[in-house]
Amino acid sequence: MAEPDTLTEAEAAAELERLAGAIAHHNRLYHDQDAPEISDADYDALMRRNAALEARFPALARDDSPSRKVGATPSGPLAKVRHARPMLSLDNAFSDEEVVEFLQRVRRFLRLDADESVVLTAEPKIDGLSCSLRYEQRHLVQAATRGDGTVGEDVTPNIAFVTGVPQSLPDDAPDIFEVRGEVYMAKDDFAALNQRMIDAAREAGDESKARQFANPRNAAAGSLRQKDATVTASRPLRFIYHGWGEASALPGETQTAVMDALDAWGFAGTPLRVRCADVTGALERYRLIEAQRADLEYDIDGVVYKVDRLDWQERLGQVGRAPRWALAHKFPAQQAQTTLRAIDIQVGRTGKLTPVARLEPVTVGGVVVTNATLHNADEIERLGVRPGDRVLLQRAGDVIPQIVDNLTRDEPREPWTFPTLCPVCASTVEREEGEVDYRCTGGLICQAQRVERLIHFCSRGALDIRGLGFQQIEDFFNDGLIHSPADIFRLTEEQLLPRKKKGDVWAANLLQAIAEKRTPDPVRFLFGLGIRHVGAITARDLLKAFGTVERIAEVATAAQDDPQARAEIEAVSGVGPVVAEALIDFFAEPHNQEAWADLLSEVHPLPFVSDVRQSEISGKTVVFTGALETMSRDEAKAQAEQLGARVSGSVSAKTDLVVAGPGAGSKEKKAKELGVRVIDEAAWAQIVAGAA
Ligand code: IVH
């Protein structure tokens, strides 16, 4: 594949679109179906490529970019739990250089002197399911999965069957303390469990029906997230801590001290955790852990470094969904050889055709792989692959396996050619000037596109209707049960019952899951409509400005012939002419108008509620000038954004507040001339401290 820095802007844009689609697809398989097609490493490779391209072309970063997305709110049969403090994820590094850069970023952010050292902790990154255990008055009161980081699933009854979770804490523990860590299944236990499932199926007379888990991580997730805790009880799960959430007091001032206390309280940690005085020590530890990887009782996919000092962690805070004070240094991808059986073409929501490699099943890094993405026609040409070829397959982390090389390159052969007709609707296939992808021109005639839109509407990032995965939607569509999103809300028990053995439980659960989404979150709803360029972030920006989806539709419809309405949309922060145009086009299309009206007769999206911390500067524009003494510019900016303020580089009549440090010059002067309020850093700190 071309290195990110050799791509043109148009190629990069096309590739970012492809990556967003591919990653969403794999998220669906991984989270909704516990059935990933690709390895963790390959998933990471996709995320990474996405990040690399965005770093090179920041303006191309998509609204639906996976780098901006937090998972999705779970909506299964388990009750929901709002985390007292969000459960974060981690940024990844794949090379020593990136670890060095991470440390440089930390130093810059904290404005450390050259002689001040940053001590790190290093420990394995365990491939399990993260879980938060809440203790009140030293008694375990709740266990919850991570979910989307804000809202998780209640697994309190289940956690009793997980080894390594004490029911109570010693007397010296604080009144409130949340221990966070990974629930995992040991490799041996996983193999034994799969064997047990095969044996059970054999006894029942049909070995081919044996359900097996693809890997220990899925087995752990599937075993913990059970409505019936007796199922969990029959599965060998364990817990290893790696951090904490809300705490009324902390038993130390460093990561190490708190973790040592957790050891003393009876939690299992990893014996491989150490403090490292510098980056060299951290990297040495990485290599040591990597060398021991195969011998560990559990799967790991990298090493996590954390800044040891908690006051520094506090200041570093987080950016997006990951803390600035921690980093996951991933292990490299694993490879295997296999035979390419066939190249199939998949049709996406926007008509994009993606070639998929069907492979002779092969185990790569512990997971059986049967499919790999081939991305696009250029990639097939670059690899020169055709069905029957031996190929080198690579999977890294949780990503789609990639074919990285063709091992059959002996004689010159006829190349494989891309189809000229859509394999689903037989419409012509087009490739626009400068585009990488071929597209089906069938639009809504193409069943694949219609189905994909429905799948998107129900997907985790959108309405998140549990039980309505792609297979189910495809079946319902093919059987004429649903044609448009509104039809989903008109499904009845009579329609569903005959479709499954034990159909009553299934039908009731599904109808319940659908009913719960009749008053959906407006951001998810708007995003779920699949309007071009309106990803989750833009959906949020639009709602922030207009308040309700109905109002957005109203303004977009008016904007067809009212320039003022158009200007109103374009003026929304984060929205420009391209998004405005797409939005207006969407509501101008008769089919969409019909589907929209129909849909709103079934569902009532909630009004938008903002989640920034409220303070006197929320919604205001702030300028920092002069030297800041207790924090870096980045930290100041992060603080302002957390309070819902915008940070600008220059003072104008639109500026609401100027924070001026020593040496502030013309900007402070200008602010005074304009009558803009000017405060010093100490007063700023008070505003931050006073925010809700
Ligand atoms: S630190 C705020 N340490 O990896 C930092 N996480 O990819 C978040 N994980 O959600 C946790 N081993 O579930 C940390 N030693 C470790 C870990 C670890 C596994 C998981 C964790 C997190 C995910 C991020």
Side-chain angles (χ1 to χ4, degrees), residues 27 30-31 40-41 43-44 47-48 51 66-67 69-71 74 83-94 102 106 120-133 143-150 152-153 155 164 178-185 216-217 220-221 224-225 237-247 255-256 258-259 262-263 267-276 282 285-286 289-290 293 296-308 310 312-314 316-331 396-399:
N27 282 343
Y30 185 82
H31 293 292
D40 291 5
Y43 181 86
D44 286 346
M47 288 291 280
R48 236 171 115 54
S67 68
K69 253 193 217 149
V70 191
H83 297 299
R85 287 178 58 181
M87 290 182 80
L88 302 178
S89 85
L90 292 167
D91 275 341
N92 292 324
F94 292 82
F102 160 73
V106 165
L120 296 176
T121 63
E123 69 200 27
K125 183 168 191 304
I126 297 136
D127 205 4
L129 172 77
S130 63
C131 198
S132 186
L133 312 173
T145 64
R146 180 168 82 168
D148 66 4
T150 309
E153 287 172 325
V155 288
E178 291 179 357
V179 179
R180 291 182 172 172
E182 234 35 34
V183 170
Y184 69 94
M185 194 176 284
R217 194 239 163 241
L224 183 67
R225 295 170 53 222
L237 297 178
R238 299 163 200 238
F239 178 81
I240 277 197
Y241 71 76
H242 50 59
W244 60 93
E246 190 185 4
Q255 180 81 23
T256 304
V258 178
M259 293 215 167
L262 291 178
D263 285 333
F267 289 95
T270 152
L272 295 169
R273 166 171 67 88
V274 285
R275 291 174 89 228
C276 311
R285 196 64 192 179
Y286 172 85
I289 293 175
E290 188 180 19
R293 182 178 186 184
L296 296 178
E297 57 153 4
Y298 40 78
D299 274 344
I300 63 172
D301 58 355
V303 171
V304 182
Y305 308 120
K306 299 171 190 169
V307 171
D308 201 31
L310 298 183
W312 284 353
Q313 287 190 6
E314 180 83 20
L316 285 157
Q318 70 190 67
V319 57
R321 58 197 178 104
R324 285 196 189 82
W325 47 266
L327 183 74
H329 188 177
K330 293 297 201 71
F331 295 135
D398 249 343
V399 210

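Whatever order the structure lists them in is the order used to number ligands and atoms, beginning at 1. Residue numbers count from 1 along this sequence. From a predicted model like this one, the values you see are computed outputs, not experimental measurements.
Residues that satisfy the ring-ring contact (aromatic ring centres under 6.0 Å, His included) test with Phe239, not counting sequence neighbours, are absent from this structure. Applying the side-chain contact (heavy atoms from CB on, under 4.5 Å) rule to Ala268 yields no partners; only residues at least two apart in sequence or on another chain are considered. Partners of Ile300 under the side-chain contact (heavy atoms from CB on, under 4.5 Å) rule, at least two apart in sequence or in another chain, are Pro124, Ile126, Ile289, Arg293, Leu296, Tyr298, Phe331.
Using modelled atom types, no side-chain atom of Ser132 and backbone atom of Ala144 make a donor-acceptor pair closer than 3.5 Å.
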Next on the checklist: side chain to side chain contact (heavy atoms under 4.5 Å, CB included) for Leu310 and Gln255? Distances and angles first, verdict last.
Outcome noted: CA-CA 6 Å; Leu310 298 183; Gln255 180 81 23; 4.2 Å; yes
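Residue-level contacts of ligand 1 at the 4.0 Å heavy-atom threshold are Leu88, Ser89, Leu90, Glu123, Pro124, Lys125, Ile126, Ser130, Arg146, Glu182, His242, Val304, Lys306, Pro323, Trp325.
Relative orientation of the Phe267 and Tyr241 rings is perpendicular, given thresholds of 30° and 60° on the angle between their planes.
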